[in-house]
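Naming convention: chains lettered A, B, ... in sequence-line order (proteins, then strands); numbering from 1 in each chain. The figures that follow rest on heavy atoms only: side chains count, while hydrogens, waters and symmetry mates do not.
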Amino acid sequence: MQTIFDTLKERGYIAQTTDEEAIKKLLSKPGVAFYIGFDPTADSLHVGHFVALMVMSHMQKVGHMPIALLGGGTAMVGDPSGKTDMRKMMTKEIINYNANCFKSQMSTLVDFSQGKALMVNNGDWLLNLNYVDFLRDIGAHFSVNRMLSAECFKQRLEKGLSFLEFNYMIMQGYDFLHLFKKYNCMMQLGGDDQWSNILGGIDLVRKKEAKEVYGLTFKLLTTSEGKKMGKTEKGAVWLDPAKTSPFDFYQYWRNTNDPDVINCMKLLTFVSMDEIREFETYKDEKINEVKKRLAYEVTQIVHGQEEANRCLAQAQALFEQGGKSDTMSFTSLSDEEKENGIGMLDLMLKAGLIPSKGEGRRLILQGGVYLNDVVVADPARQFTKADFIESEAIIRKGKKVYHKII
RNA sequence: GGGAGGAUUCCCGAGUGGCUAAAGGGGGCAGACUGUAAAUCUGUUAGCUACGCUUUCGGUGGUUCGAAUCCACCUCCUCCCA
């Protein structure tokens, strides 16, 4: 009989555990409350959070009780772990707004109905603490000497660490204690960068309550080259369709590097291990098929089946048939522009394909602009109504960016 | 509190009176090769009504024919000593 721990291990989620045997035993019976914290530092979850949501979902499926902790209190301080610079301080209003955005996104993967999972906000218990009481009650149990040797502060000890951020670990530890007392929360999970913070909480529970609780970290989603995944030149890949369109989201996974595909499949989809093992034997061009599957599965989980189908169809239309697509982004011209024509550069600027005309001129001179699949050679070319084919025209920039003019 | 140094184009980082829209690297974009991949190679990377013009080197003011470069003040940052 395979346990949830085995599943997580097999799929490659687990990075570190505090006590593997004890955790295995603990998780073998359903109903274990565990928590994962999410600091609302942006108005949408991103791919980095997605792995955590997947773990929650896996755990919930076998009957454990996820507690999603929104860091309304800790976000006021800012986690220095692994950060090279201090974060910008955020206002309470923004933090609250962000926390609300997180809620709905989490619900797509974790079932919060009928008490099957909880969502709490540490602002509820952190923000009204009395400073001196807190120091005497909690602060006394933390050794500065030990904290300073923690891996998560290492980088910051060289570049500078404010006292504000130094307290983050203590606050997170207090969260664990609070959740243990209130919900009998036995485990904290988190990204591997949270290891020191998690240990802090476990120590605190042991000291205050004389009980053993456990920690488990999962691997951060990185490429085979060790770079963090989920970042593009435009910033993070968001789960919010308004910030990263489902199509861009789909395309991000569609373009995964060969060596990373299997790993992503295991971590980001629910595709069975039997099937994944089959995929592992694929080579060269055949890997492309796996990428299609990966993109579809991940998009489906985040944006739903309907949206995933649409992305798939659009990608096929664009890349495999070279044809049109109804869901392509578009710009409509006014009657006057249609009548008098408009410069290609002006048109592309209007369509948001280029940030400036200089950039557009360069693109055209380098042969990177196509109108209805014909290279545009002259930067001064005018776009006229003669360019419409069945009342629309398609501009392509480079290989992958399509835009429709109507 | 005392002392030293720094702030340069998307990022890192040269430049210390005209040759500087500013080296080099990273990143981005485009082209070649491909599998909508990676790696590699090539070009390009402030804006414009473009052989010219305008804006840019933390902010403000000044010196000069001419300033990213010199001076004054201001803001912010880092380091060392206490």
Any strand counts, and the cut-off is 3.5 Å on both contacts for Watson-Crick or G-U wobble. Which nucleotide pairs with [N]?
N: B:U64; result: none
N: B:U56; result: none
N: B:A7; result: B:U75
N: B:G27; result: B:U45

Short N-O contact, A:Lys9 and A:Asp6, less than 4.0 angstrom: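 A salt bridge is absent here (no side-chain N lies under 4.0 Å from a carboxylate O).
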Short N-O contact, A:Lys219 and A:Asp192, less than 4.0 angstrom: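 So A:Lys219 does not pair with A:Asp192 through a salt bridge.
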Nearest-nucleotide 5' precedence on RNA chain B, A:Lys397 against A:Gln251: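 By nearest-heavy-atom nucleotide position, the 5'-most residue is A:Lys397.
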5' priority, RNA chain B, between A:Gly368 and A:Glu285 [closest heavy atom]: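 Its nearest nucleotide being more 5', the pick is A:Gly368.
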How many Å lie between [atom1] on [X] and [atom2] on [N], as a whole number?
X: A:Lys283; N: B:A38; atom1: NZ; atom2: C1'; value: 18 Å
X: A:Arg293; N: B:A37; atom1: CZ; atom2: P; value: 22 Å
X: A:Arg396; N: B:C29; atom1: CZ; atom2: P; value: 16 Å
X: A:Glu359; N: B:C48; atom1: CD; atom2: C1'; value: 15 Å
X: A:Leu353; N: B:A30; atom1: CG; atom2: C1'; value: 14 Å
X: A:Leu345; N: B:U49; atom1: CG; atom2: C1'; value: 12 Å
X: A:Asp258; N: B:U36; atom1: CG; atom2: P; value: 12 Å
X: A:Phe319; N: B:G35; atom1: CZ; atom2: C1'; value: 13 Å

Derivation of the side chain to side chain donor-acceptor pair (under 3.5 Å) call for A:Asp175 and A:Asn122: CA-CA 7 Å; A:Asp175 284 345; A:Asn122 65 13; 2.9 Å; yes
Whole-angstrom distance between [N] and [M], as gauged at atom [atom1]:
N: B:A4; M: B:A72; atom1: P; value: 14 Å
N: B:C57; M: B:A46; atom1: P; value: 16 Å
N: B:A23; M: B:C74; atom1: P; value: 34 Å
N: B:G17; M: B:C11; atom1: C1'; value: 29 Å
N: B:C53; M: B:C70; atom1: C1'; value: 28 Å
N: B:C65; M: B:G2; atom1: P; value: 39 Å
N: B:A68; M: B:U60; atom1: P; value: 13 Å
N: B:U20; M: B:U75; atom1: C1'; value: 27 Å

Using the side-chain heavy atoms of [X], tell me which of these nucleotides is nearest: [options].
X: A:Lys399; options: B:U36, B:C33, B:C29; result: B:C33
X: A:Asn255; options: B:G35, B:G47, B:U36; result: B:U36
X: A:Arg254; options: B:A37, B:C29, B:U36; result: B:U36
X: A:Lys357; options: B:U36, B:A38, B:U49; result: B:U49

More than 12 heavy atoms of other groups within 6.0 Å of A:Lys207 NZ: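 Yes, the 6.0 Å shell around NZ holds more than 12 heavy atoms from other groups.
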Distance-only donor-acceptor test (3.5 Å): side chain A:Gln366, base B:G43: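 Check passes, donor-acceptor contact within cut-off.
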Centroid-centroid distance, A:Phe249 to A:His303, less than 6.0 Å: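 Yes, the ring of A:Phe249 comes within the 6.0 Å limit of the ring of A:His303, centre to centre.
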Aromatic ring proximity A:Phe134/A:Tyr131, centre distance under 6.0 Å: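 No, they do not, as the ring centres are separated by 6.0 Å or more.
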Syn/anti state of B:C51 by chi, 90° boundary around 0: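 In terms of base orientation relative to the sugar, B:C51 is syn.
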Sugar-phosphate only, base, or nothing, as touched by A:Tyr250 at under 4.0 Å among non-hydrogen atoms: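 If one applies the 4.0 Å heavy-atom cut-off, A:Tyr250 turns out to touch nothing in the nucleic acid.
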Touch class at under 4.0 angstrom, heavy-atom based, for A:Lys286 against every strand present: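 Nothing, no heavy atom under 4.0 Å.
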A:Tyr370 side-chain N/O to B:G31 phosphate OP1/OP2 under 4.0 Å: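 For B:G31, OP1 or OP2 has a side-chain N or O of A:Tyr370 closer than 4.0 Å.
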Least distance between heavy atoms, A:Glu278 atom then A:Thr281 atom: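 Nearest pair, atom of A:Glu278 first, then A:Thr281: O-OG1, 2.6 Å.
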